[in-house]
Amino acid sequence: MGYFVELNTLLGLPKDFDVTTLAVGKKYTVTKQKERAFPLHIAILMVDGTWNFYGYCVAHSAKTSDQKTVIEFEVLTLFNPQEQVLYKQKFLEAAKKTGEV
């Protein structure tokens with residue numbers, strides 16, 4: 001018998017998350033469907049469902065229950081528009097090679 005836990009190395013922001021509120025040093029809490037494992041206390045990239053990258057954050061906690069995960073994170077850096085385009089291009093180029101997209 002097994003148990004499914006999704007391993008995440010990026011913080012995927014929920015579809016209803018308002019990315020215009022992102023600010024360096026500000027803390028947020030998001031809830032994701034499924035039980036997930038996140039790296040804590042290291043810099044991880046923030047991304048949305050269409051592979052737009054917004055910057056780096058640090059997850060301070062990730063709590064799972066009822067097939068959901070609540071992540072508390074803090075924004076460390078934000079990308080300017082040119083950096084966002086570059087990160088998306090490079091990620092999609094690499095992810096196509098691995099079959100992620």
Side-chain angles (χ1 to χ4, degrees):
M1 190 164 152
Y3 185 75
F4 180 77
V5 174
E6 186 173 306
L7 175 61
N8 293 149
T9 57
L10 303 171
L11 177 59
L13 299 170
K15 289 179 185 180
D16 63 349
F17 187 89
D18 183 2
V19 296
T20 64
T21 67
L22 290 172
V24 173
K26 192 170 177 185
K27 295 181 181 180
Y28 302 85
T29 301
V30 294
T31 301
K32 305 280 290 172
Q33 297 299 315
K34 302 181 190 172
E35 294 184 351
R36 301 162 184 264
F38 276 90
L40 299 177
H41 313 301
I42 64 169
I44 56 176
L45 287 161
M46 295 176 290
V47 63
D48 68 16
T50 56
W51 303 114
N52 295 303
F53 289 79
Y54 296 99
Y56 281 95
C57 69
V58 58
H60 293 298
S61 69
K63 298 175 185 170
T64 58
S65 67
D66 299 323
Q67 298 182 356
K68 294 181 183 176
T69 303
V70 177
I71 303 108
E72 295 176 337
F73 70 97
E74 179 178 351
V75 176
L76 299 174
T77 65
L78 290 171
F79 296 148
N80 65 42
Q82 295 83 8
E83 291 168 326
Q84 288 179 1
V85 169
L86 181 61
Y87 266 82
K88 182 174 185 172
Q89 287 174 342
K90 291 299 183 180
F91 176 80
L92 290 176
E93 179 183 330
K96 285 177 184 173
K97 293 177 181 179
T98 62
E100 292 171 75
V101 295

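Computed from a predicted structure; not experimentally measured.
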Notebook entry, point to check: What residue pairs, at least two apart or across chains, pass side chain to side chain donor-acceptor pair (under 3.5 Å) with a residue in residues 64-73?
Noted result: Ser61-Glu72
Checklist line | From CA spacing to verdict: side chain to side chain contact (heavy atoms under 4.5 Å, CB included), Phe91, Val47 | finding: CA-CA 11 Å; Phe91 176 80; Val47 63; over 6 Å; no
Notebook entry, point to check: Hey, what else clusters with Phe4 if you join Ile, Leu, Val, Met, Phe, Trp, Tyr whenever side-chain heavy atoms sit under 4.5 Å?
Noted result: none
Item checked: Co-members of Val85 in a cluster of I, L, V, M, F, W and Y side chains, linked at under 4.5 Å -> none
Next item on the list: For Tyr54 and Leu11, run side chain to side chain contact (heavy atoms under 4.5 Å, CB included): C-alpha distance rounded to whole Å, both residues' side-chain angles, the deciding distance at 0.1 Å, then the answer.
Entry: CA-CA 10 Å; Tyr54 296 99; Leu11 177 59; over 6 Å; no
Interatomic spacing from [atom1] in [X] to [atom2] in [Y] - rounded to 0.5 Å:
{"X": "Thr31", "Y": "Lys63", "atom1": "OG1", "atom2": "NZ", "answer": "11.5 Å"}
{"X": "Trp51", "Y": "Leu92", "atom1": "CH2", "atom2": "CG", "answer": "8.0 Å"}
{"X": "Glu93", "Y": "Lys97", "atom1": "CD", "atom2": "NZ", "answer": "5.0 Å"}
{"X": "His60", "Y": "Lys27", "atom1": "NE2", "atom2": "NZ", "answer": "4.5 Å"}
{"X": "Leu13", "Y": "Lys32", "atom1": "CG", "atom2": "NZ", "answer": "7.5 Å"}

If hydrophobic clusters are built from ILVMFWY residues whose side chains come within less than 4.5 Å, do [X] and [Y] share one?
{"X": "Val19", "Y": "Leu76", "value": "no"}
{"X": "Val24", "Y": "Val30", "value": "yes"}
{"X": "Ile42", "Y": "Leu7", "value": "no"}
{"X": "Ile71", "Y": "Val75", "value": "yes"}

Next item on the list: Let me see the working for Tyr28 and Phe17 under ring-ring contact (aromatic ring centres under 6.0 Å, His included), right down to the final yes or no.
Entry: CA-CA 10 Å; Tyr28 302 85; Phe17 187 89; 5.6 Å; yes
Notebook entry, point to check: With a 4.5 Å limit on heavy-atom distance, are the side chains of Tyr56 and Ile44 in contact?
Noted result: no
Margin query: Go through it in stages, so that I can follow the logic: the residues are Leu78 and Met46, the test is side chain to side chain contact (heavy atoms under 4.5 Å, CB included), and I'd like the CA-CA distance, side-chain angles, deciding distance and then a yes or no.
Written below: CA-CA 9 Å; Leu78 290 171; Met46 295 176 290; 4.1 Å; yes
For residues [X] and [Y], report the shortest heavy-atom separation together with the two atoms involved.
{"X": "Thr98", "Y": "Glu100", "value": "OG1-OE2, 2.7 Å"}
{"X": "Glu6", "Y": "Asn8", "value": "OE2-ND2, 2.9 Å"}
{"X": "His41", "Y": "Val58", "value": "CA-CG2, 3.5 Å"}
{"X": "Pro39", "Y": "Ala59", "value": "O-CB, 3.8 Å"}

Note to self: For the backbone of Leu86 and the side chain of Gln89, can you confirm whether one donor and one acceptor N or O come within less than 3.5 Å of each other?
What the structure shows: no
Next item on the list: Just say parallel, tilted or perpendicular for the rings of Tyr87 and Phe79, cut-offs at 30° and 60°.
Entry: parallel
